[in-house]
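Below is one structure, written out as structure tokens; the observations come after it.
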Amino acid sequence: MEKKLNFWECMSFCIGQIVGSGVFVLTGVVIGLTGHGTPYAFGVAALIALCQLIPMAVLASCMPATGGSYVYVKKLIGPRMSFVFLMLFVLGQIMISTFALGFASYVAVIFPGVNQMAIALGALALAVVVNLIGLKTSARVQTVMVAMLLISLFIYIIFGLPKVEWSALELAAHNIMPNGPLKFLRGAAMLSFACSGAKFLAENGGSVENPGKTIPRAMVLSTIVVAAFYAFVGIVAACVLPVEEVAGTNISVVAKSVFPAPVYLFFVIGGAWFALLTTLNGTLSWVTRSLQRAANDGWLPEICAKENKNGTPVLLLLFFFIVGVIPIVTGMNTEDISNMGTGCNKMADLLIVYACAQLPRLLPEEYKKSVLYIDPKKLNAILFGVFVVLAATSYVSLSGMTGRQFLYMGIYVVAAIVLMTLRYGKYKEKNAEK
């Protein structure tokens, strides 16, 4: 049996999971939407992420479990809704491709002639190999890469802040919302996915030491640490060069203007490359766990849950490799991928909020023992606010999709409902035996 993850390894996992596409891939896209409002969009995104952590932290403190999100919905809402959660969850993992595409775009900064599609596919394959070795090894790799990327972001901030045009941060609607409130909110919603990566530590709840305390502490603290970096990086990215020079590009454009050549190379390789690889590596280490529990429950064939000697569910890992490959080979752009992924993930999170609201009623003893216990009425009031924030975020993200993309989502939903209908009998049969 693999040794369980301690607090600092969980912090490393969370930070590596958070820092990735938000800073290194989506910043330029968001500058195109919000202009000098990008630092403020990062702030709104961090608040959304902290709201999102509330139900996950409460649930993880009461009933830590591998495949946590799926387990919470199944136990507190019901099996059919747990399948709906999985349906949205899988669709949201289209975001895997942004990490690989972002990595490829930064490789092209150093090696302009490379085939970016081939590099992106190679990065995905490498992350699969690392995760086949096992979670503990994956965490060690994560720790080294996280240290490098944080040093790189710190250098970016130190070199960049003296060159910031501070007047660009004027707190006025025409400055921070040059394209209107909807596009500002869409930019913040896009960034909120990258800010919210820490919540997925709960997916590995069965592999964490003292999970009831370690998981909520690591999730909240890592989100606050990264939010501070995001705020300063956003200021440098949006307020050093003219907006038209950085909109739609990656942040290496600003880095090149503020760094000496050796430092610039370190930033691109030690920062951007490692940030995106840690996010990709971390995602593939947890993303299989909900489907693995679903396979054990009968929603999927039993072979899907089978692990190799290092505790990795191989077939499910390969499935999510394919989920990441499809947007890359079909040529989807980063903005469309992010809108679809963010919208679907926030819809799935609404079910987590509702599950958390059922906790005091259905599992009162477990809830009373939680380190995060508060009066159930106060909890419900907080969760109502969280629900409103996440519902609005999902709407804003999905409103940016095209009619064709909605059609493809509709086909996927129909196929998923057919699968649920076909497998429900098997689910009842397996769970009747337990």
Side-chain angles (χ1 to χ4, degrees), residues 16-17 19-29 89-135 137-138 141-142 144-145 148-149 190 193-194 197 200 248-252 268-288 291 304 308 310 312-342 344-345 405 408-409 412:
Q17 183 63 34
V19 180
S21 64
V23 172
F24 291 99
V25 178
L26 294 178
T27 300
V29 176
F89 174 81
V90 170
L91 194 56
Q93 299 319 306
I94 189 176
M95 294 292 287
I96 290 171
S97 61
T98 65
F99 313 140
L101 287 168
F103 174 74
S105 75
Y106 279 95
V107 171
V109 167
I110 306 298
F111 305 104
V114 298
N115 184 319
Q116 291 192 40
M117 181 181 293
I119 294 296
L121 295 175
L124 269 173
L126 176 63
V128 168
V129 171
V130 170
N131 277 276
L132 286 173
I133 297 171
L135 179 60
T137 302
S138 173
V141 173
Q142 199 86 333
V144 174
M145 292 195 291
M148 292 291 289
L149 72 90
M190 202 176 287
F193 176 82
F200 298 116
T249 67
N250 62 45
I251 64 173
S252 68
V268 172
I269 295 172
W273 289 15
F274 282 6
L276 291 157
L277 287 175
T278 54
T279 305
L280 185 58
N281 177 56
T283 298
L284 291 178
S285 76
W286 60 258
V287 75
T288 58
L291 287 187
C304 293
N308 66 6
N310 295 311
T312 303
V314 177
L315 288 180
L316 293 178
L317 184 62
L318 294 177
F319 169 74
F320 282 106
F321 170 76
I322 294 170
V323 170
V325 164
I326 290 174
I328 295 172
V329 300
T330 57
M332 286 185 70
N333 66 50
T334 302
E335 184 173 350
D336 288 342
I337 294 170
S338 299
N339 282 330
M340 182 182 293
T342 302
C344 292
N345 274 297
Q405 289 164 352
Y408 293 152
M409 282 182 61
Y412 166 82

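From a predicted model like this one, the values you see are computed outputs, not experimental measurements. Atoms considered below: every heavy atom in the structure, side chains included; atoms not considered: hydrogens, waters and symmetry mates.
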If every non-hydrogen atom of [X] is compared with every non-hydrogen atom of [Y], which pair is closest and at what distance?
{"X": "L124", "Y": "A100", "result": "CG-CB, 3.9 Å"}
{"X": "Y412", "Y": "V90", "result": "OH-CB, 3.5 Å"}
{"X": "C304", "Y": "P313", "result": "O-CB, 4.2 Å"}
{"X": "S97", "Y": "I94", "result": "OG-O, 2.7 Å"}
{"X": "A108", "Y": "Q116", "result": "CB-NE2, 3.5 Å"}
{"X": "T27", "Y": "F24", "result": "OG1-N, 4.4 Å"}

* Knowing that exactly one of N250, L276, I337 qualifies, which makes a side chain to side chain contact (heavy atoms under 4.5 Å, CB included) with V25? ->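 In the set N250, L276, I337, the residue that makes a side chain to side chain contact (heavy atoms under 4.5 Å, CB included) with V25 is L276.
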
* Just one of I328, V323, V329 clears the side chain to side chain contact (heavy atoms under 4.5 Å, CB included) bar with V325, so which one? ->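 Of all the options given, the one that passes is V329.
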
4.5 Å side-chain heavy-atom contact, [X] and [Y]:
{"X": "C344", "Y": "M409", "answer": "yes"}
{"X": "E335", "Y": "L26", "answer": "no"}
{"X": "L101", "Y": "M332", "answer": "no"}
{"X": "L280", "Y": "L126", "answer": "no"}
{"X": "V287", "Y": "F89", "answer": "yes"}
{"X": "I322", "Y": "I326", "answer": "yes"}
{"X": "T98", "Y": "S338", "answer": "yes"}
{"X": "T283", "Y": "F320", "answer": "no"}

* Starting at CE of M95, measure out to CG of N339 and round the result to the nearest 0.5 Å. =>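 The CE atom of M95 sits 9.0 Å away from the CG atom of N339.
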
* Asked: How long is the span from the CG atom in L121 to the CZ atom in F321, to the nearest 0.5 Å?
  ->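 One finds 6.5 Å between CG of L121 and CZ of F321.
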
* **Worked check of side-chain contact (heavy atoms from CB on, under 4.5 Å) between I119 and F111** => CA-CA 11 Å; I119 294 296; F111 305 104; over 6 Å; no

* Asked: Is a donor on one side and an acceptor on the other found under 3.5 Å between the side chain of T312 and the backbone of N131?
  ->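 Yes: the side chain of T312 pairs with the backbone of N131.
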
* Asked: Between N308 and L132, is there a donor-acceptor pair closer than 3.5 Å when you use the side chain of the first and the backbone of the second?
  ->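 Indeed, once roles are kept as given, a pair shorter than 3.5 Å links the two residues.
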
